[in-house]
Amino acid sequence: SPQEKGSTFLQLGSSTEQQLRVIFELLEEYDWTSFAVVTTLLPGYEDFVDYVEVLTDSSFIGWEHRGVVTLNLTDDPEGARTRRQLREVTAQIRLLYCSRDEAEAVFRAARDAGLAGPGYVWFVVGTNLGGGGERLPE
């Protein structure tokens, strides 16, 4: 499972804004001030990116926002471009906005690129991740 590999996956099942507020409280608590945003083209991703900006700009914390990577999974079936894009992300803390199905592809690419082991923390935010006791794919 991801936990055994030392990577942390946090899955929250409320609205995107609430999820982000909770995540930023956690980041602040652990002093994880440097992060990057990874999104797919899931509807709402622009709002997600905007809201991250709002949260960091209006904060007293010295956040180091290391940029946004937007993945287009539909025309990258082998995941080569996704792996390359994920490798370009320098922050160890990654806020991922995607659907449940997309999370599978993103994490497969992340594992293949060596970005899912110890030292990497992924926070997954999305509209249809939770519910029914389901778990993210391992």
Side-chain angles (χ1 to χ4, degrees):
S1 81
Q3 279 77 15
E4 284 158 23
K5 294 194 184 87
S7 186
T8 307
F9 294 83
L10 183 67
Q11 193 179 338
L12 299 162
S14 56
S15 82
T16 302
E17 286 186 23
Q18 285 173 311
Q19 292 177 58
L20 272 174
R21 278 199 293 272
V22 170
I23 287 168
F24 274 97
E25 283 172 24
L26 272 171
L27 295 180
E28 185 181 334
E29 196 171 317
Y30 286 98
D31 204 27
W32 289 339
T33 52
S34 179
F35 68 91
V37 171
V38 180
T39 80
T40 61
L41 298 174
L42 180 69
Y45 78 95
E46 295 108 328
D47 297 331
F48 177 80
V49 170
D50 289 346
Y51 196 63
V52 168
E53 299 283 340
V54 166
L55 282 175
T56 52
D57 289 351
S58 63
S59 168
F60 296 112
I61 310 296
W63 297 109
E64 188 188 338
H65 187 337
R66 298 230 194 138
V68 179
V69 172
T70 304
L71 308 172
N72 184 347
L73 302 177
T74 47
D75 58 358
D76 186 27
E78 301 300 308
R81 189 178 60 222
T82 300
R83 289 193 296 276
R84 189 179 69 242
Q85 284 181 279
L86 291 176
R87 280 194 195 101
E88 289 167 5
V89 178
T90 55
Q92 290 176 298
I93 310 294
R94 289 123 189 271
L95 309 184
L96 172 62
Y97 178 81
C98 65
S99 72
R100 186 187 182 81
D101 292 342
E102 291 170 331
E104 223 170 309
V106 173
F107 285 130
R108 192 179 318 117
R111 277 195 295 273
D112 292 346
L115 303 170
Y120 293 97
V121 182
W122 292 81
F123 290 95
V124 186
V125 183
T127 47
N128 56 350
L129 289 168
E134 298 167 279
R135 301 181 54 192
L136 279 177
E138 306 202 346

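Position 1 is the first residue of the sequence; numbering continues from there.
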> Under the side chain to side chain contact (heavy atoms under 4.5 Å, CB included) criterion, do Val125 and Leu95 qualify, and how do the steps go?
Replying inline: CA-CA 7 Å; Val125 183; Leu95 309 184; 5.6 Å; no
> Going through the checks in order, is the side chain to side chain contact (heavy atoms under 4.5 Å, CB included) test met by Val38 and Gln85?
Replying inline: CA-CA 9 Å; Val38 180; Gln85 284 181 279; over 6 Å; no
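Note on ring orientation: taking the six-membered ring where Trp is involved, the planes of His65 and Phe35 are tilted (angle from 30° to 60°).
Side-chain atoms of Trp122 come within 3.5 Å of backbone atoms of Leu115 as a donor-acceptor pair (strictly under, hydrogens ignored). Of the possible donor and acceptor atoms, one in the side chain of Arg83 sits under 3.5 Å from a partner among the backbone N and O of Glu78.
Here the options are Thr40, Asp76, Asn72, the test is side chain to side chain donor-acceptor pair (under 3.5 Å), and the partner is Thr82; only Asp76 passes.
Using a 4.5 Å heavy-atom threshold, the side chains of Glu88 and Val69 count as separate. Between Glu28 and Phe24 the shortest side-chain heavy-atom distance does not fall below 4.5 Å. Using a 4.5 Å heavy-atom threshold, the side chains of Glu102 and Leu96 count as separate. Val37 places a side-chain heavy atom less than 4.5 Å from the side chain of Phe48. Within the 4.5 Å cutoff, side-chain heavy atoms of Leu55 are placed close to those of Arg21. Looking only at side-chain heavy atoms (C-beta outward), Tyr97 and Thr16 come within less than 4.5 Å of each other.
Arg87 pairs by the side-chain hydrogen bond (donor to acceptor under 3.5 Å, both in side chains) definition with nothing, not counting sequence neighbours.
Atoms CZ and CG, on Arg81 and Leu73 in that order, are 8.5 Å from each other to the nearest 0.5 Å. Atom OG1 of residue Thr56 and atom CH2 of residue Trp63 lie 8.5 Å apart, to the nearest 0.5 angstrom. Atom CG of residue Leu20 and atom CZ of residue Phe123 lie 11.0 Å apart, to the nearest 0.5 angstrom. Considering OH of Tyr120 and CZ of Arg94, their distance stands at 6.0 Å, rounded to 0.5 Å.
Nearest heavy atom pair, residue Val89 against residue Ala36, reads CG1-CB, 3.3 Å. When all heavy atoms of Arg66 and Ala91 are compared, the pair lying nearest together is NH1-N, 3.7 Å. Taking both residues in full, the closest heavy atoms of Leu42 and Ser99 are given as CD2-N, 3.5 Å, listed atom of the first, atom of the second, then distance.
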